[in-house]
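In what follows, every chain begins at residue 1, and chains take the letters A, B, ... in the order their sequences are listed. For clarity, every value in this text was computed on a predicted model and none was experimentally measured.
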Number of protein chains: 2
Amino acid sequence: MGELINVAQERLRAQGGRMTIQRRLLFSILDSLGEHPTAEELLLLARKQDPDLNLSTVYRTLRWLEAESLVSSRVFAEERRQERFDAALPSEHHHFMCTNCKDVIEFDTDLFGAIKGQFQELSGAKVETGSIVLYGLCSKCRQTKNGNNLNLETE
Amino acid sequence: MGELINVAQERLRAQGGRMTIQRRLLFSILDSLGEHPTAEELLLLARKQDPDLNLSTVYRTLRWLEAESLVSSRVFAEERRQERFDAALPSEHHHFMCTNCKDVIEFDTDLFGAIKGQFQELSGAKVETGSIVLYGLCSKCRQTKNGNNLNLETE
DNA sequence: AAACTTATTGCGAATCATTTGCAATAATTA
DNA sequence: TAATTATTGCAAATGATTCGCAATAAGTTT
Ligand SMILES: [Mn+2]
Ligand SMILES: [Mn+2]
Ligand SMILES: [Zn+2]
Ligand SMILES: [Zn+2]
């Protein structure tokens, strides 16, 4: 934490950009938030401190961060097919999404390198990036034996 | 090949559905096509044989197949954030997309089970599905030493 | 084979997520 | 403090997918 804000500020300066109130706010939220918000969720969070913040600004800021490789985004298999943004500085990690409560859990694995290697061998391709996404029932939702919550997963 | 059409037809019948010209056409294209088309790409292919086919019908058919677990869909990291559909009967496999030519290559790995296992242990979650997506330069594009094609990947 | 029932289609309009143009505003620099 | 121009908020545009509905056609019954 505290990382993103500083790195971003440097880069901003380096390219003649300006550190606006909106950006500072968004940077700091992203930096401390351990989640994977959509643009709209981020907007809602940010509006608690800056009620006039606009969705366009959120998108513009996210896209800039993305171009700087300071956030990444992906589309999970949800009802609404919207991007979710990940503020983690490029530490490679993967994701699990609970199909019931939609919670996202991050995880790491040493086997990912092996998989990339395997595929490169076999195909002759050069793998640059990649990620794993798992779906299922998180431990919390497993205990709540598919009863009370909507969206029950039988089996 | 030939699989999807029959399975789909059975299911259709079983639920009082009708085997229309449009569906038969789409089923057969999906079945023989070894690719991962978007709804629109599929429409274009199908229109060669049925010029009046409508995009809505394509989507409706794809969604039905999806509900029947006869196709799956995912959003790759492309310019246009659109779903790509995979007709493969639920044989688990993973994907590589070339960032240069956008080609999708399928692959399988024995290590995926281990990863799921690892995560389940650690988190207490029950993993149901999941997939790996890799990005990089396919062997073809590697050879074309990032020169002629647009979208060059330096490094 | 014609009549009947109703699932499915094509079409246009709607919706959802994201982007863009532009005039007003604010961050930096001089 | 004034001057410069990057950035913002807003409204309209775009791209992908969905929806409502009247017309059509698949499967069924006569
Ligand atoms: Mn993450
Ligand atoms: Mn596939
Ligand atoms: Zn859960
Ligand atoms: Zn390629």
Side-chain angles (χ1 to χ4, degrees), chain A residues 5 8-27 29 36-44 46-47 49-68 71-86 102, chain B residues 5 8-27 29 36-44 46-47 49-68 71-86 102:
Chain A
I5 306 170
Q9 181 148 13
E10 265 175 52
R11 306 251 185 121
L12 220 36
R13 171 149 298 151
Q15 57 191 71
R18 295 173 185 182
M19 175 55 83
T20 62
I21 306 242
Q22 294 86 337
R23 282 177 175 161
R24 194 172 0 251
L25 174 57
L26 290 169
F27 292 166
I29 292 177
H36 299 77
T38 63
E40 209 165 336
E41 288 170 350
L42 182 54
L43 176 70
L44 256 37
R47 278 192 167 161
Q49 299 178 239
D50 178 353
D52 293 335
L53 183 66
N54 191 278
L55 186 57
S56 300
T57 304
V58 173
Y59 272 112
R60 282 187 286 234
T61 302
L62 285 169
R63 292 305 175 209
W64 180 80
L65 285 166
E66 207 175 8
E68 296 292 320
V71 314
S72 63
S73 95
R74 75 200 87 254
V75 179
F76 291 98
E78 301 176 84
E79 291 284 304
R80 312 172 57 178
R81 106 184 49 48
Q82 58 201 344
E83 293 179 70
R84 291 190 169 272
F85 297 85
D86 194 338
K102 310 301 175 192
Chain B
I5 306 169
Q9 181 147 13
E10 264 177 51
R11 305 252 186 120
L12 220 35
R13 170 149 300 151
Q15 59 191 68
R18 294 172 186 184
M19 176 56 82
T20 62
I21 307 243
Q22 295 84 336
R23 282 176 175 161
R24 195 175 355 254
L25 174 57
L26 290 170
F27 292 166
I29 292 177
H36 299 76
T38 62
E40 210 166 336
E41 288 170 350
L42 182 55
L43 176 70
L44 255 37
R47 278 192 168 162
Q49 299 178 240
D50 179 352
D52 292 335
L53 184 65
N54 191 277
L55 186 57
S56 300
T57 303
V58 173
Y59 272 111
R60 281 187 287 235
T61 302
L62 285 169
R63 293 304 175 209
W64 180 80
L65 285 166
E66 207 176 7
E68 296 293 320
V71 314
S72 62
S73 95
R74 76 200 84 254
V75 179
F76 290 98
E78 301 176 82
E79 292 283 305
R80 312 170 59 178
R81 171 188 341 73
Q82 57 201 343
E83 292 179 72
R84 292 190 167 273
F85 297 85
D86 194 338
K102 311 300 176 192

Notebook entry, point to check: Starting at CD of A:Q15 and ending at P of D:dT5, how long is that distance when rounded to a whole Å?
Noted result: 17 Å
Next item on the list: Would you state whether a donor and an acceptor, one from the side chain of B:R18 and one from the base of C:dT6, lie under 3.5 Å apart?
Entry: yes
Item checked: Side chain proximity check, A:R11 to A:W64, heavy atoms < 4.5 angstrom -> yes
Note to self: Is there a side-chain contact between A:T20 and the phosphate of D:dT7, meaning an N or O under 4.0 Å from OP1 or OP2?
What the structure shows: no
Margin query: Output the rounded distance in Å from CG (B:L62) to P (C:dT9).
Written below: 12 Å
Check: Phosphate oxygens OP1/OP2 of C:dT19: is one of them under 4.0 Å from a side-chain N or O of A:R63?
Finding: yes
Item checked: Protein-nucleotide distance (B:I21, atom CD1; D:dT24, atom P), rounded to Å -> 16 Å
Note to self: Less than 4.5 Å apart, side chain to side chain, heavy atoms only: is that true for A:L26 and A:L53?
What the structure shows: yes
Note to self: So A:L55, base contact, sugar-phosphate only, or nothing? Heavy-atom distance under 4.0 Å.
What the structure shows: base
Next item on the list: Whole angstrom is fine here: how far is it from CD in A:E40 over to P in C:dT15?
Entry: 16 Å
Notebook entry, point to check: Donor-acceptor pair under 3.5 Å: do we get one between A:S56's side chain and the base of C:dT20?
Noted result: yes
Note to self: Rounded to whole Å, how long is the line connecting atom CD of B:E79 with atom P of C:dT18?
What the structure shows: 15 Å
Notebook entry, point to check: Rounding to a whole Å, what distance do you find between B:F27:CZ and C:dT8:P?
Noted result: 10 Å
Next item on the list: Mark yes when over 12 heavy atoms from residues, nucleotides or ligands other than B:L55 sit less than 6.0 Å from its CG; otherwise mark no.
Entry: yes
Next item on the list: Measure from OH on A:Y59 to P on D:dA11 and round the result to the nearest Å.
Entry: 18 Å
Item checked: Spacing of A:L12 atom CG relative to C:dT28 atom P, expressed in whole Å -> 8 Å
Notebook entry, point to check: Are the charged groups of B:E83 and B:R63 less than 4.0 angstrom apart, N to O?
Noted result: yes
Item checked: Residue met sooner reading DNA chain C from 5', once A:Q82 and A:Q22 are mapped to nucleotides -> A:Q82
Check: Where each residue is assigned the nucleotide of DNA chain D containing its nearest heavy atom, which of B:R84 and A:D52 is assigned the position nearer the 5′ end?
Finding: A:D52
Check: Is A:R60 touching bases, backbone alone, or none of the nucleic acid, heavy atoms closer than 4.0 Å?
Finding: base
Checklist line | Earlier contact from the 5' end, DNA chain D, for B:M19 and B:A39 | finding: B:A39
Checklist line | Ion pair check, B:E10 and B:R13, cut-off under 4.0 Å | finding: no
Check: Quick one: is A:N54 getting a side-chain N or O under 4.0 Å of the D:dC10 phosphate, OP1 or OP2?
Finding: yes
Note to self: Side-chain N or O of A:R81 versus OP1/OP2 of C:dA17: is the shortest distance under 4.0 Å?
What the structure shows: no
